[in-house]
Amino acid sequence: MSPSLPCIAALLAALIAAPAIAAPETAPSAAAEVAALYTRKAHIAQVSISPDGQRLAMLVPQGNGRQALVVQELPIAAAARIVAGFRDIDIRWFRWVNERRLIYGASAPGQSLSSRERGILAVDADGKEDRQLVAWVDGINDIGTHIKTRMLDYRWQLLETFDGGGDEVVMAQTTRTEAGEPVDTRLLRLDTRTGATKAIGIGVPGAAVAWVFDAAGELRVVATRRQGRLKLLWREGGSGDWVTVDDQDALAAAALHPVYLEADGRLVVRTRAGGDTFGLFHYDLKRRHLDPEPLAQAARYDIATAIVDDRRHEVVGARLVADRPITAWFSERMAALQKAVDAALPADRSNRIACGRCATSANYLVLSQSDRQPGEYFVYDPQRRTLSALGAVRPWIAESTQARRSWHWTTARDGLPLPLVVTHPPGHDREALPAVVLVHGGPWLRGVDRGWSEEAQFLAARGYRVIEPEFRGSDGLGARHFEAGLRQWGAAMQDDLADAVAWAAAQGLVDAKRVCIVGSSYGGYAALMGPVRNPGVYRCAASFAGVTDLKLMYSRWIISDSSAEGREYALPALIGDPDRDVAMLAQASPIERVAEIKVPLLLAQGRLDRRVPPEHASRFVAAARAAGVAVDSVTYDDEGHGWTYRTHHADFLTRLDAFLAHSLTP
């Protein structure tokens, strides 16, 4: 693991200040070229502004293809500086420790899927005072017979940073059983400059899933999840006694999810209590009382996250995703700043403002996106009221070549409101085209909005109209929408997809006789179930990393990253009970009904997948071929549950393009 910090400041300045690759006037025509265009690694990623707003940090690919950590001083005048980078591994993430120091994680491609290198390090914003804090996976801490380094072993992970001006962070290590189940969590304060550690001397409750610290950096609130119950525990400052203040079913609408402890001692929680959608509320820990007046709540859409000012220790805004991301600021100053930024950029943009100390930041970071713009970063100076361009996420993508994406509401067959996004190939807004139903994974997450999507844009570039339904069970759209998906795998969740196709056909957007269903993870499962549940709707189906046998999701003998808590409590409530609902789970498993599939299939899998282990794919392919079902399969040896290597992703998209062309030929 040799560091590689070449002096390429001038090159980085060019990379940051302007697009390094001219955007094409027209999109390429060959499928492989188009796939390479859309799967290329981002030019700049994970841009983050320092707490004081005086500098930016970001990840940028080096000449060797590995991601490096780069710092840009503000205002943008001097060249950016690579402060950390390696020849053979990527920097994957980073956080500001304070305005002058960063902590970051580095790992080899695919390391999370195997035992390759992974470590945590820290460095100053000028590239000096670097120190390794957590040893590489499978590394040792000994450097001599009697001398040990101060490095923690690889099981320690970053838990929290503070804006208190010091160099300390909080690290966590979870003790697990042989089966991988969490038992308890140890916490340490770690000085990122010296490596010194100090145990946090309180008994952290087991099965913790959330930790909240107060303004002094003391752990005060913990949420635990065990046996299907979500508990909220609190301790008074300086006290070692944890008190349970809330205990509810983990899936209950009224369950309290802790977000932030403000300076006045009030806890901000995220809950659906009192309404259909998630909102932010104040919770009085001493009185165990939820303020009925929300800090932020919206009709139809859940509040997704809170924006906090860690110097003032207060929540200053909230973010949600409607047809596109929206920010609600609680202060007039930030609302005015948002208005000024929005006015300075194209009207179709969604502009996300980031700040460390929002009330006093010297500068603000702006990420501007639209359905046809993957993202551009700007820096807003509130004193000069200027907006300076930092760089584009994908400068090789020209907005003029990108497909328009539109947001619609229709109604499912049982009356449930059903949102969906349609991607229209340029020049074909009102023409019945061959179509792809692109199903998001999860399924219990917010899947789509009108923002730019690499796979939808790829398919549109190849001439297909893309339909992306937010089927029932998807999160972010309120309790009614989420709960309508309980125990509906292969049933009503599947019907929502077919209803979206019927709506698009009635609008004259798609040729109902030339539709294919495609997806990854849960979306891959839905793709395989589509021709079973709704025969005649789809001409073909393509799945990557899709579940094929629901009973394998409950198995303790298949190596996966699922927990006993999930298998024994969450999945029975979400999908079905493996003992009482045997027939229902079999009916909803593609492998059990493979003989009913009468359309060609494309199935891809990562050999290192631990979320949906490769047994799902191998068993299904064998069953399909035994039943005489046409299936084309491919396994990527170094991939897991997602795409680590862009070349593999591009290869799959190229295969998908050929599969669609063959299957949807009139």
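In this chain, numbering begins with 1 at the start of the sequence shown.
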Pairs satisfying disulfide bond (SG atoms under 2.5 Å apart), at least one member in residues 299-403, at least two apart: Cys355-Cys358
Arg405/Asp449 ion pair, N-O < 4.0 Å: no
Reported CD-to-CG distance for the pair Gln297 and Asp276, which is rounded to 0.5 angstrom: 9.0 Å
Distance-only donor-acceptor check, side chains Thr161 and Arg95, under 3.5 Å: yes
Donor-acceptor contact below 3.5 Å, side chain Lys41 vs main chain Gly65: yes
Closest approach of Ala435 to Tyr464 (non-hydrogen atoms, all atoms of both residues): N-CD2, 4.5 Å
Evaluation steps, side chain to side chain donor-acceptor pair (under 3.5 Å), between His481 and Ser474: CA-CA 7 Å; His481 196 83; Ser474 301; 4.8 Å; no
Donor-acceptor pair between His649 and Glu455 side chains, under 3.5 angstrom: yes
Residues which pass salt bridge (charged side-chain N to carboxylate O under 4.0 Å, His left out) with Asp52, listed by chain and number, not counting sequence neighbours: none
Ser50 versus Gln54, side-chain donor and acceptor atoms under 3.5 Å: no
Side-chain donor-acceptor pair present, Asn98, Asp167, cut-off under 3.5 Å: yes
4.5 Å side-chain heavy-atom contact, Ile120 and Ile103: yes
CG-CG distance between Leu285 and Leu261, expressed to the nearest 0.5 angstrom: 6.5 Å
Under 3.5 Å: donor-acceptor pair, side chain of Arg446, backbone of Val321: yes
N/O donor-acceptor pair under 3.5 Å between Ser520 side chain and Gly523 backbone: no
Check against side chain to side chain donor-acceptor pair (under 3.5 Å), Asp323 and Tyr301: CA-CA 10 Å; Asp323 66 317; Tyr301 303 103; 5.9 Å; no
Exam field: side chain Asp381 to backbone Arg384, donor-acceptor pair closer than 3.5 Å: yes
Among Thr271, Leu295, Leu280, side chain to side chain contact (heavy atoms under 4.5 Å, CB included) partner for Ile303: Leu280
Straight-line distance of His289 NE2 to Arg266 CZ, nearest 0.5 Å: 12.0 Å
Sidechain-backbone polar pair: Glu470 side chain, Val448 backbone, donor-acceptor under 3.5 Å: yes
Short side-chain donor-acceptor distance under 3.5 Å, Tyr380 and Asn351: no
Contact check, side chains of Glu483 and Arg480, non-hydrogen atoms, under 4.5 Å: no
Beyond-backbone contact of Leu433 with Val510, side-chain heavy atoms, under 4.5 angstrom: no
4.5 Å side-chain heavy-atom contact, Val515 and Pro434: no
Polar contact flag, side-chain donor to acceptor under 3.5 angstrom, Arg101-Thr192: yes
His257 vs Phe278, ring pair (Phe, Tyr, Trp, His ring centres under 6.0 Å): CA-CA, chis, key distance, verdict: CA-CA 10 Å; His257 303 264; Phe278 269 116; 5.7 Å; yes
Exercise: do His282 and Glu262 side chains pair donor with acceptor under 3.5 Å: yes
Minimum heavy-atom distance Val269-Val259, with the two atoms named: C-CG2, 4.0 Å
Sub-6.0 Å ring centroid separation between Trp643 and Phe544: yes
Ring centers of Phe471, His440 separated by less than 6.0 Å: yes
Intermediate values then yes/no, salt bridge (charged side-chain N to carboxylate O under 4.0 Å, His left out), Asp309 and Arg311: CA-CA 6 Å; Asp309 185 322; Arg311 180 53 62 94; over 6 Å; no
Polar side-chain atom of Arg324 near backbone of Gln369 as donor-acceptor pair, under 3.5 Å: no
Candidate pair Arg92 and Ser107, rule side chain to side chain donor-acceptor pair (under 3.5 Å), full reasoning: CA-CA 7 Å; Arg92 301 282 184 169; Ser107 60; 3.0 Å; yes
Least distance between heavy atoms, Trp329 atom then Val316 atom: CE3-O, 3.6 Å
Considering all heavy atoms, the nearest Ala392-Pro395 contact: O-CD, 3.5 Å
Sub-4.5 Å side-chain heavy-atom contact between Arg81 and Gln72: no
Ion pair Asp124/Arg100, N-O distance below 4.0 Å: no
Ala68 backbone acceptor or donor facing Gln62 side chain under 3.5 Å: no
Heavy-atom check, side chain of Val421 versus side chain of Ile467, under 4.5 Å: no
Main-chain N/O of Ala403 paired with Gln457 side-chain donor or acceptor, under 3.5 Å: yes
Closest heavy-atom pair and its distance - Val315, Phe330: O-CD1, 3.6 Å
Sub-4.5 Å side-chain heavy-atom contact between Val70 and Leu59: no
CE on Met334 to CD on Gln338, rounded to 0.5 Å: 7.5 Å
Main-chain N/O of Ala57 paired to Ser48 side chain as donor or acceptor, under 3.5 Å: no
CD-CG distance between Glu399 and Asp371, expressed to the nearest 0.5 angstrom: 8.5 Å
Main-chain N/O of Gln373 paired with Ser370 side-chain donor or acceptor, under 3.5 Å: yes
Donor-acceptor side-chain pairing of Ser406 and His408 below 3.5 angstrom: yes
Derivation of the salt bridge (charged side-chain N to carboxylate O under 4.0 Å, His left out) call for Arg465 and Glu431: CA-CA 9 Å; Arg465 199 173 312 276; Glu431 178 183 346; over 6 Å; no
Row check, Trp452 ring normal vs Arg394 NZ/CZ: under 6.0 Å, within 45°: no
Sub-4.5 Å side-chain heavy-atom contact between Arg55 and Glu99: yes
Trp396 six-ring centre to Arg40 NZ/CZ under 6.0 Å and within 45° of normal: yes
